[in-house]
Protein chains: 2
Amino acid sequence: MTTNEGLRERKRRETLQRITDAGIRLFIEKGYEATTLDEIAAAAGIARRTFFYYFKSKDEILLSLQSGMGAMLVEALKRAPGDKRPLRAIRDAVVAVCARVPADDMIVIDRLMRSSEAVQARKQASYVQQEQALFAALRERWPDPGRETGLRLVAMLAIGTIRLSLDAFNREGGSRPVAVLLHEAFDALEAEV
Amino acid sequence: MTTNEGLRERKRRETLQRITDAGIRLFIEKGYEATTLDEIAAAAGIARRTFFYYFKSKDEILLSLQSGMGAMLVEALKRAPGDKRPLRAIRDAVVAVCARVPADDMIVIDRLMRSSEAVQARKQASYVQQEQALFAALRERWPDPGRETGLRLVAMLAIGTIRLSLDAFNREGGSRPVAVLLHEAFDALEAEV
DNA sequence: AATAATATTGCACTCAGTGTAATGTTCAAG
DNA sequence: CTTGAACATTACACTGAGTGCAATATTATT
C-alpha cells in the first residue's frame, strides 16, 4: 500500500529523519541553545543551507514532534457519533489519541522545550493553532451560527484542559498515565464552572 | 508623593519611554521585521548596545505593553470579597481592569503583534505566565490543597476567556466594548460546560 | 572631594536566517 | 535511452539579533 514511494520521497523522508535524530541527540547532549545549525547539519550529513530546505527554523525540529496531535484529534472527532455534547466528544477523542503516543518521548521533548524561552513560546502558540483547528472542526459538526462563541470556548477549554493534563504529566515525571490525568481534569472542569 | 524620584530614576524612565515610543512609531511606519535595532536606537538617541540594557530583546518592546494586565488582575483579585466563587471574582475583577485600558492602543498593538510569528508566540507564552500568576493568587485565597487541579483549571478558563474576548474585540475592530464581550463570553462559558 | 554604584558606549564576535545562483539528482515522456 | 522539466543540494555572501568584555561617563553616598 505505501510501497509506491519514489526514490525522491524515500530520500526526503530519510533526510528529514536524520536531521531530527541528529538535532535531538545534540540537544540532549549539549543543550538546545548551545547546539548550532552547523553541528546539526554536519551530524545529519547535509549542508547548512540544506537544513532550511527541510525546516523553517531551528525550533521547528522540536515543534514538528508536537504538531501531529492536533490533526489526530480533529480526525478522531470526525469519526465520533454526533449525538454527544461537544466537550464529551472531545474528551473521548483525546483520550483515544493520547493512548497512541509514547510517554517517554513526551517527557524528553518537554524537557528540551523548557530549556529555551523561544521554543517554549512557540509551543504555546502551537496550542493556540490547535485550538483554532479544533474550533473549525467543531463548527462543521455543530453548524449553528448562534453558537460560534460557545464553540470557541469549548475549543479553548478542551485544548487548555489537555495542556494542563500534559503539564501535570510532565511535572509528575510520568508517574501516572496521561489518560488518568485527562479524566481527572475534565471531571474537575465540570465541578468548577 | 512620587516626587522623591532621583535623577537616575527619572532618566531611566524617560529613556525607557523614548525607546518604546521610537520602537512603536517605527514598527507602524515600516513594519516590525523591517525595523532594525540600529534604527530604534538611533531614533531613541542611544547606542545600540544600550538598548539591551533596557530590553532583553526586540520583541520585549511590544510585550512590555501587555504584561501589565496580569498584575492588575491579581491586584484586583486580592481586594475582592472572599465569599464569591473564584470564577465570579475573576470575572468582576477583569471587567474592572479592562475599563482602564485605552481601546485604540490595544488594537494597534494587536495588529503589530500579528505581523511577526515570534512576537505572536511570545504573546501566547505571556498569557500562560499570567495564568500561572493567577493560579498562585487563587491558591492563596482558596488554600484548600485538594482543589489545586480545580484552581489551575479556573485560572486557565479565566485567562482563556479573556484571551478569546480580546481576540473578538480585535476581530471586530473595536466596535463593541471589551466589557460587553467579556460578559458575553463568561455567560457562554457556563452554558457550554 | 573621594569613592562606590550604576549607566552608557564601542568593538569584536557568534549564530540564525535569507537571497541568489549554480550544480546535481530524480522523474516522466517521447 | 535521451532530453527536458521539476526538485534537491550546495556554496557564497550578506543582514541583523544578541552577547561578552572592558573602558568611560554619570549619579549617588559619605
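In what follows, chains are A, B, ... by sequence order, proteins preceding strands, each numbered from 1.
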Output the rounded distance in Å from [atom1] ([X]) to [atom2] ([N]).
| X | N | atom1 | atom2 | result |
| --- | --- | --- | --- | --- |
| B/Asp38 | C/dT9 | CG | C1' | 14 Å |
| B/Leu16 | C/dA7 | CG | C1' | 14 Å |
| B/Glu5 | C/dT6 | CD | C1' | 16 Å |
| B/Asp59 | D/dG16 | CG | P | 17 Å |
| A/Phe52 | D/dA11 | CZ | P | 14 Å |
| A/Phe51 | C/dC15 | CZ | P | 15 Å |
| A/Phe55 | D/dA8 | CZ | P | 14 Å |
| A/Glu117 | D/dG18 | CD | P | 11 Å |

N/O (side chain, [X]) to phosphate O (OP1/OP2, [N]) under 4.0 Å:
| X | N | value |
| --- | --- | --- |
| A/Lys11 | D/dA8 | no |
| A/Tyr53 | D/dT9 | no |
| B/Lys58 | D/dG18 | no |
| A/Thr36 | C/dC15 | no |
| B/Thr50 | C/dT9 | yes |
| B/Tyr54 | C/dA7 | no |

In terms of side-chain heavy atoms, does A/Arg18 have a donor or acceptor partner in A/Thr15 at a distance below 3.5 Å?
yes

May I ask you to check whether B/Thr36 and B/Asp38 show a side-chain donor-acceptor distance below 3.5 Å?
no

Please determine whether any donor N or O and acceptor N or O are separated by less than 3.5 Å between the side chain of B/Arg48 and the base of D/dG16.
no

Can a donor-acceptor pair under 3.5 Å be found between the side-chain atoms of A/Arg8 and the base atoms of D/dA6?
yes

If every non-hydrogen atom of A/Ala168 is compared with every non-hydrogen atom of A/Leu181, which pair is closest and at what distance?
C-CD1, 4.1 Å

B/Arg49 has a side chain; which of C/dC11, D/dG18, D/dA8 sits nearest to it?
C/dC11

State which of D/dT10, C/dT9, D/dT9 makes the closest approach to the side chain of A/Thr15.
D/dT9

B/Glu117, CD atom: more than 12 neighbouring heavy atoms under 6.0 Å
no

Taking atom NZ of A/Lys30 as the centre, report whether more than 12 heavy atoms of other residues, nucleotides or ligands fall under 6.0 Å from it.
yes

Here's a test of your reading of the structure: between B/Glu9 and A/Ala47, which maps to the more 5' nucleotide of DNA chain D?
A/Ala47

